[in-house]
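Report on one structure; see the data block that follows.
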Amino acid sequence: MADSNIIRALKGRAKDGYVAGKDNDGDHIALVVEGGGMRGVAAGGMVSALEDLGLTDCFDSVHGSSAGAAAGAYFASGQANFGTRIFYEDLIGKEFIDTRRLLWGRDIMDTSYLVDHVMMQIKPIDFQRLKDISPRLYIVMTDIDSGEPHIVSEFKDYEHYRSCLKASITLPFIAGRPKDIDGLRVMDGGLLQQIAVESALSLGATKVLGLLTRRKDEQYRPEKSWKLSLQASFLQLLYGGRIGAIYRDRSRRINLSVDHLEAGSGPNGEELFGINLPDGIDYVHRLTQAPDDLKRAAEVSKDSVTKLFRDII
């Protein structure tokens, strides 16, 4: 079974003192962290469990888009528990999410408040560690003109890293217009890779552990609807490029990643395993800001992953 194989491999690495970037046991084990706005608190809880289990250095790479990239950044820098607290301590006010901004034609979600204020000043990320050591972080963005992912792991400087993260979190209809990164017009990485399995496999990962921010019963998305078609057409009028086609195909791409995780294997025989949001968490959504609900989701998700790893000998 892919689940027990991956977990046993990680536990074996931890026992042997494996350090990504220095050691090589023939496998490339990648961690993929799903986004989903404030659902990212669950991913934060999950990576906090991995950190407490001593597994940070056991992953050869970390891949994420949107909130998954933020949670992945804190994990890769060895600050998962610290970073998870941003969701229920620092992102619960109108400074970050305010639906009233729509009345003034402004963005509901302020990505600069998250990246340039919270992640830089209130709970600063250790950028030097993030930049210099493994596991290396891969931030996924969407190039809306080519229709291809733009994935960055080599950050020129702190400003470049923050710009990539903000671009990856720029959700259509919620967080603003396309950003200019490396000469490209890019937006939310989740438009192409909500679950960044493709990023991991393209790097040569042989084993992939995916942390998912939806329950098992809600992980598949409807691939066609009048609402999806209308939104895609509206985005095409706004931004041009290939954004309309990208948006229409988004659910199919997500479902394909879920298929691979459910099957436990990739297209070339890679071992894959996804850990879903625990059953019973139906109180956290993309724009949730209730601190008690967010904290509870982080704790339940953390406990679930901890138990899973401890149950497999």
Side-chain angles (χ1 to χ4, degrees), residues 1-34 42-64 68-69 71-81 84 129-130 133-138 140 151 153 193 195-213 216 219 256-278 301-313:
M1 294 284 291
D3 55 352
S4 55
N5 286 343
I6 292 172
I7 291 174
R8 287 194 182 102
L10 286 167
K11 293 175 76 171
R13 282 184 169 190
K15 183 178 179 181
D16 294 340
Y18 185 95
V19 177
K22 295 181 180 179
D23 297 320
N24 184 355
D25 59 8
D27 268 321
H28 179 121
I29 304 181
L31 178 66
V32 168
V33 189
E34 185 180 10
M46 292 177 186
V47 293
S48 295
L50 298 178
E51 181 174 272
D52 287 353
L53 289 165
L55 299 173
T56 303
D57 292 333
C58 297
F59 290 95
D60 299 293
S61 59
V62 178
H63 306 254
Y74 276 115
F75 176 72
S77 64
Q79 299 170 286
N81 282 283
T84 300
R129 171 168 176 158
L130 187 69
I133 70 168
S134 292
R136 188 164 295 281
L137 172 69
Y138 290 76
V140 181
I151 303 172
S153 64
Q193 295 194 30
I195 308 168
V197 170
E198 289 180 55
S199 176
L201 296 182
S202 68
L203 194 65
T206 56
K207 290 181 170 63
V208 178
L209 178 66
L211 305 180
L212 309 181
T213 59
K216 204 171 186 66
Q219 60 188 344
L256 182 60
S257 294
V258 172
D259 281 342
H260 285 314
L261 290 166
E262 285 284 288
S265 62
N268 296 306
E270 305 92 344
E271 292 183 284
L272 278 66
F273 176 52
I275 302 177
N276 288 91
L277 185 72
S301 299
K302 181 177 181 177
D303 291 345
S304 177
V305 171
T306 300
K307 184 178 186 304
L308 176 64
F309 269 76
R310 289 180 174 165
D311 285 350
I312 293 181
I313 307 301

(message) Under the rule for side-chain hydrogen bond (donor to acceptor under 3.5 Å, both in side chains), what residues qualify as partners of Glu270, not counting sequence neighbours?
(response)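 Glu270 satisfies side-chain hydrogen bond (donor to acceptor under 3.5 Å, both in side chains) with no other residue.
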(request) List in chain and number order the residues that pass side-chain hydrogen bond (donor to acceptor under 3.5 Å, both in side chains) with Thr206, two or more places apart in sequence or in another chain; answer none if no residue qualifies. (result)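 side-chain hydrogen bond (donor to acceptor under 3.5 Å, both in side chains) list for Thr206, sorted by chain: Asp27.
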Would you mind reporting whether [Y] and [X] have side-chain heavy atoms less than 4.5 Å apart?
{"X": "Leu31", "Y": "Val47", "value": "yes"}
{"X": "Leu212", "Y": "Ile195", "value": "yes"}
{"X": "Ile7", "Y": "Leu308", "value": "yes"}
{"X": "Glu271", "Y": "Ser265", "value": "no"}
{"X": "Asp60", "Y": "Arg13", "value": "yes"}
{"X": "Leu211", "Y": "Leu50", "value": "yes"}
{"X": "Phe75", "Y": "Val62", "value": "yes"}

(message) Whether the His28 and Ser61 side chains hold a donor-acceptor pair (N or O, under 3.5 Å, no angle test) is what I'd like checked.
(response)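 His28 vs Ser61: donor-acceptor pair found between side chains.
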(request) Would you tell me whether Tyr18 and Asn24 have side-chain atoms, one donor and one acceptor, within less than 3.5 Å of each other? (result)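 Side-chain D/A pair, Tyr18 to Asn24: absent.
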Could you give the distance from [atom1] ([X]) to [atom2] ([Y]), rounded to the nearest 0.5 Å?
{"X": "Lys207", "Y": "Leu272", "atom1": "NZ", "atom2": "CG", "answer": "11.0 Å"}
{"X": "Ser301", "Y": "Met46", "atom1": "OG", "atom2": "CE", "answer": "4.5 Å"}
{"X": "Phe309", "Y": "Arg8", "atom1": "CZ", "atom2": "CZ", "answer": "12.0 Å"}
{"X": "Leu209", "Y": "Leu10", "atom1": "CG", "atom2": "CG", "answer": "6.5 Å"}
{"X": "Gln219", "Y": "Leu261", "atom1": "CD", "atom2": "CG", "answer": "8.0 Å"}
{"X": "Lys11", "Y": "Ser4", "atom1": "NZ", "atom2": "OG", "answer": "11.0 Å"}

(message) Please determine whether a side-chain nitrogen of the Lys or Arg among Asp57 and Arg129 lies less than 4.0 Å from a carboxylate oxygen of the Asp or Glu.
(response)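 Salt bridge: yes.
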(message) According to side-chain contact (heavy atoms from CB on, under 4.5 Å), who are the partners of Asn81, at least two apart in sequence or on a separate chain?
(response)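 Residues passing side-chain contact (heavy atoms from CB on, under 4.5 Å) with Asn81: Ser48, Glu51, Asp52, Lys302.
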(message) Looking at Ser199, is its backbone amide N or carbonyl O close enough to the side chain of Gln193 to form a donor-acceptor pair, meaning the two atoms are under 3.5 Å apart?
(response)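 The answer is yes, because a donor-acceptor pair under 3.5 Å joins these two groups.
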(message) For Thr213, is there any backbone N or O sitting under 3.5 Å from a side-chain donor or acceptor partner on Glu34?
(response)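 Checking the backbone N and O of Thr213 against the side chain of Glu34, a donor-acceptor pair under 3.5 Å is found.
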(request) Over all heavy atoms of both residues, which pair between Val32 and Ala196 is shortest? Give the atoms and the distance, please. (result)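 Here Val32 and Ala196 meet closest at CG1-N, 3.3 Å.
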(request) Search all heavy atoms of Gly44 against all heavy atoms of Thr84 and return the closest pair with its distance. (result)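 Where Gly44 meets Thr84 most closely, the heavy atoms are O-OG1, 2.8 Å.
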(message) Tell me whether the rings of Tyr138 and His63 are parallel (<30°), tilted (30 to 60°) or perpendicular (>60°).
(response)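 Plane angle under 30°, so parallel.
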